There are 2 protein chains.
Amino acid sequence: MNLLTRNTDYAVRALIHMAGKAPERVSARDLERDLELPRPFMRKTLQALQKSGYLASAKGKNGGFTLVLPVEKIRLADLIALFQGPVSMGDCLFRKKLCECVKTCPLRREIKQIEAMALAHLRGVTIASLMKR
Amino acid sequence: MNLLTRNTDYAVRALIHMAGKAPERVSARDLERDLELPRPFMRKTLQALQKSGYLASAKGKNGGFTLVLPVEKIRLADLIALFQGPVSMGDCLFRKKLCECVKTCPLRREIKQIEAMALAHLRGVTIASLMKR
DNA sequence: TTTAAATGATACCATTAAGGTGTCATTTGT
DNA sequence: ACAAATGACACCTTAATGGTATCATTTAAA
Ligand code: FES
Ligand code: FES
């Protein structure tokens, strides 16, 4: 089924770790050392988080990233949307040129219902809630 | 998110169509004509359904497939399992060599919960229920 | 009895997405 | 000056998905 990609997973781990260290700055190198995640990949992930306003970045020596949003405001649903596209997709189950059956498609309704349930649940999960374990 | 693959989608459409035609035999060629699905791909799908006991096959001229199970017994959850692997996976979110964090993984619990909800829902969806529309 | 139409089995191919690496420019504290 | 960091991209590799093709075998019907 695979609801998550590594991108999202890494982002969550990084954010949790950074929340623990805050307000200290954390660099990609730090994360590689502490969480054993591949650094170059992390960098892409962190940059994405920065562009989306989750993180602030500081260049130069002793640079790195810091959390901007409070952990209660960072929703798993949004991270998934960021790294994997919207949880619930458009009209057709198979995006692109929506297939003819769109009106009669028997599966559409059911799948959309499940997506909605999942989305509701995912919106309730935040970095904060994940840290309470 | 993509809960379905084409395999599963095609299977559902084929099964619904065959239920309508039953007890007539339906060939891959028929499905290509009536549902506009790619024939060679359908054949693979139909063979899989046959091997799993959903369909009976008849070789030779005028051959084809017929439904074996009653439509109320054909669950979407099982079709997904057949074509896409089990809905809910093993211990680790990323199968293969389960990652170290298995004990501490904060996401595991949440995701498994969602999978369970989805699975419950999918078990309630049958070919019969899909036809009532 | 020949032939056409069907499945069984399997191998192959093409496209895409995921996961990951590498490079170069720029910034900045020491 | 220099090392350490991000910004911005361009790659690369692998696996899964979606789809095609081939050959053998079976069977109804002309
Ligand atoms: S698959 Fe496109 S709407 Fe049914
Ligand atoms: S990702 Fe493997 S269990 Fe958390």
Side-chain angles (χ1 to χ4, degrees), chain A residues 1-11 13-14 18 24-33 35-66 68 80 82-86 89 93-97 99, chain B residues 1-11 13-14 18 24-33 35-66 68 80 82-86 89 93-97 99:
Chain A
M1 196 102 126
N2 238 8
L3 303 185
L4 296 181
T5 63
R6 284 231 142 75
N7 247 338
T8 311
D9 180 55
Y10 288 174
R13 297 197 212 178
M18 294 175 72
E24 200 175 312
R25 266 205 294 248
V26 176
S27 71
R29 188 181 295 270
D30 294 334
L31 292 172
E32 178 180 44
R33 175 171 26 78
L35 303 183
E36 297 177 322
L37 307 179
R39 172 149 52 126
F41 191 45
M42 274 312 298
R43 291 195 53 208
K44 265 203 313 191
T45 305
L46 293 169
Q47 282 186 24
L49 289 170
Q50 186 268 324
K51 277 188 186 170
S52 300
Y54 293 99
L55 300 179
S57 67
K59 293 168 99 171
K61 193 155 186 172
N62 293 333
F65 299 86
T66 52
V68 167
I80 291 180
L82 174 58
F83 291 109
Q84 317 182 33
M89 291 172 309
L93 296 181
F94 304 104
R95 39 281 166 98
K96 315 276 178 182
K97 57 160 200 163
C99 59
Chain B
M1 195 102 124
N2 236 9
L3 303 185
L4 295 181
T5 62
R6 290 222 187 258
N7 246 338
T8 311
D9 180 55
Y10 288 174
R13 297 199 212 177
M18 294 175 73
E24 202 176 311
R25 268 202 294 244
V26 176
S27 71
R29 187 181 296 270
D30 294 333
L31 292 173
E32 178 181 44
R33 175 172 25 81
L35 303 182
E36 297 176 325
L37 308 178
R39 172 148 53 126
F41 191 45
M42 275 310 299
R43 292 195 53 207
K44 267 205 310 195
T45 305
L46 293 169
Q47 282 185 24
L49 289 171
Q50 185 269 325
K51 276 188 185 170
S52 299
Y54 293 99
L55 301 179
S57 67
K59 293 168 99 172
K61 193 154 185 172
N62 292 332
F65 298 86
T66 51
V68 166
I80 290 180
L82 174 57
F83 291 109
Q84 318 183 52
M89 290 174 311
L93 295 183
F94 303 105
R95 38 279 169 95
K96 315 275 180 183
K97 57 161 200 160
C99 61

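Note that the structure is a prediction, hence the values are computed from the model and not measured.
For the atom pair A:Tyr54 OH and A:Met18 CE, the distance stands at 13.5 Å (nearest 0.5 Å).
Nearer to the 5' terminus of DNA chain D, by closest-nucleotide assignment, is the contact made by A:Asp30 (compared with the other of B:Gln84 and A:Asp30). Each of A:Phe83 and A:Arg39 was assigned the nucleotide of DNA chain C with the nearest heavy atom; the assignment lying further toward the 5' end belongs to A:Phe83. Ranked by how close their nearest DNA chain C nucleotide is to the 5' end, A:Pro38 and B:Arg29 are led by B:Arg29.
Remark: A:Ser57 is in phosphate contact with D:dG7, judged by side-chain N or O atoms under 4.0 Å from OP1 or OP2. Put simply, A:Thr5 has no side-chain N or O that comes within less than 4.0 Å of OP1 or OP2 on C:dA17. OP1 or OP2 of C:dG20 has at least one side-chain nitrogen or oxygen of A:Tyr10 nearer than 4.0 Å.
Taking atom CG of residue A:Asp9 and atom C1' of nucleotide C:dG20, one finds them 15 Å apart after rounding to whole Å. Atom CG of B:Leu4 is separated from atom C1' of D:dA16 by 16 Å (rounded to the nearest Å). Note: CD (B:Glu32) to P (D:dA21) measures 12 Å, nearest angstrom. Look at CG on B:Asn2: it is 10 Å from P on D:dT17, rounded to the nearest Å. Atom CD of A:Gln47 and atom C1' of C:dC24 are 13 Å apart (whole Å). Rounded to whole Å, atom C1' of D:dA21 lies 18 Å from atom CE of B:Met42. When rounded to the nearest whole Å, the span between NZ of B:Lys44 and P of D:dT22 equals 15 Å. Here the P atom of nucleotide D:dA5 and the CD atom of A:Glu24 are 13 Å apart, to the nearest Å.
At its two ends the helix from C:dT1-D:dA30 to C:dT30-D:dA1 runs along axes set 10° apart, each axis drawn from five pairs and the angle rounded to 10°.
Listed nucleotides: D:dG19, D:dG7, C:dG20. Nearest to the side chain of A:Arg6: C:dG20. The side chain of A:Phe65 approaches D:dG7 more closely than any other nucleotide in the set D:dG7, D:dT20, C:dG8.
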Using distance only, find each side-chain donor-acceptor pair of residues 45-53 of chain A under 3.5 Å and give its atom names and separation, not counting sequence neighbours.
{"unit_1": "A:Thr45", "atom_1": "OG1", "unit_2": "A:Asn7", "atom_2": "OD1", "d": "3.2"}
{"unit_1": "A:Thr45", "atom_1": "OG1", "unit_2": "A:Phe41", "atom_2": "O", "d": "3.1"}
{"unit_1": "A:Ser52", "atom_1": "OG", "unit_2": "A:Ala48", "atom_2": "O", "d": "3.1"}

Expected list for residues 25-33 of chain A: side-chain donor-acceptor pairs under 3.5 angstrom, two or more places apart:
{"unit_1": "A:Arg25", "atom_1": "NE", "unit_2": "A:Asn62", "atom_2": "O", "d": "3.0"}
{"unit_1": "A:Arg25", "atom_1": "NH2", "unit_2": "A:Asn62", "atom_2": "O", "d": "3.2"}
{"unit_1": "A:Ser27", "atom_1": "OG", "unit_2": "A:Arg29", "atom_2": "N", "d": "3.3"}
{"unit_1": "A:Ser27", "atom_1": "OG", "unit_2": "A:Asp30", "atom_2": "N", "d": "3.2"}
{"unit_1": "A:Ser27", "atom_1": "OG", "unit_2": "A:Asp30", "atom_2": "OD2", "d": "3.2"}
{"unit_1": "A:Asp30", "atom_1": "OD1", "unit_2": "A:Arg33", "atom_2": "NH2", "d": "2.5"}
{"unit_1": "A:Asp30", "atom_1": "OD2", "unit_2": "A:Ser27", "atom_2": "N", "d": "2.9"}
{"unit_1": "A:Glu32", "atom_1": "OE1", "unit_2": "A:Arg39", "atom_2": "NE", "d": "3.0"}

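For A:Gln84, the side chain to side chain contact (heavy atoms under 4.5 Å, CB included) test picks out A:Leu4, A:Thr5, A:Thr8, A:Ile80, with sequence neighbours left out.
Against DNA chain C, the stretch residues 48-56 of chain B makes heavy-atom approaches under 4.0 Å through B:Gln50, B:Lys51.
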Check the interface with nucleotides 24-30 of chain D: list each N/O to N/O pair with the protein under 3.5 Å, or write none.
{"unit_1": "D:dT26", "atom_1": "O2", "unit_2": "B:Gly60", "atom_2": "N", "d": "3.3"}
{"unit_1": "D:dT27", "atom_1": "O2", "unit_2": "B:Lys61", "atom_2": "N", "d": "3.1"}
{"unit_1": "D:dA28", "atom_1": "O3'", "unit_2": "B:Asn62", "atom_2": "ND2", "d": "3.3"}

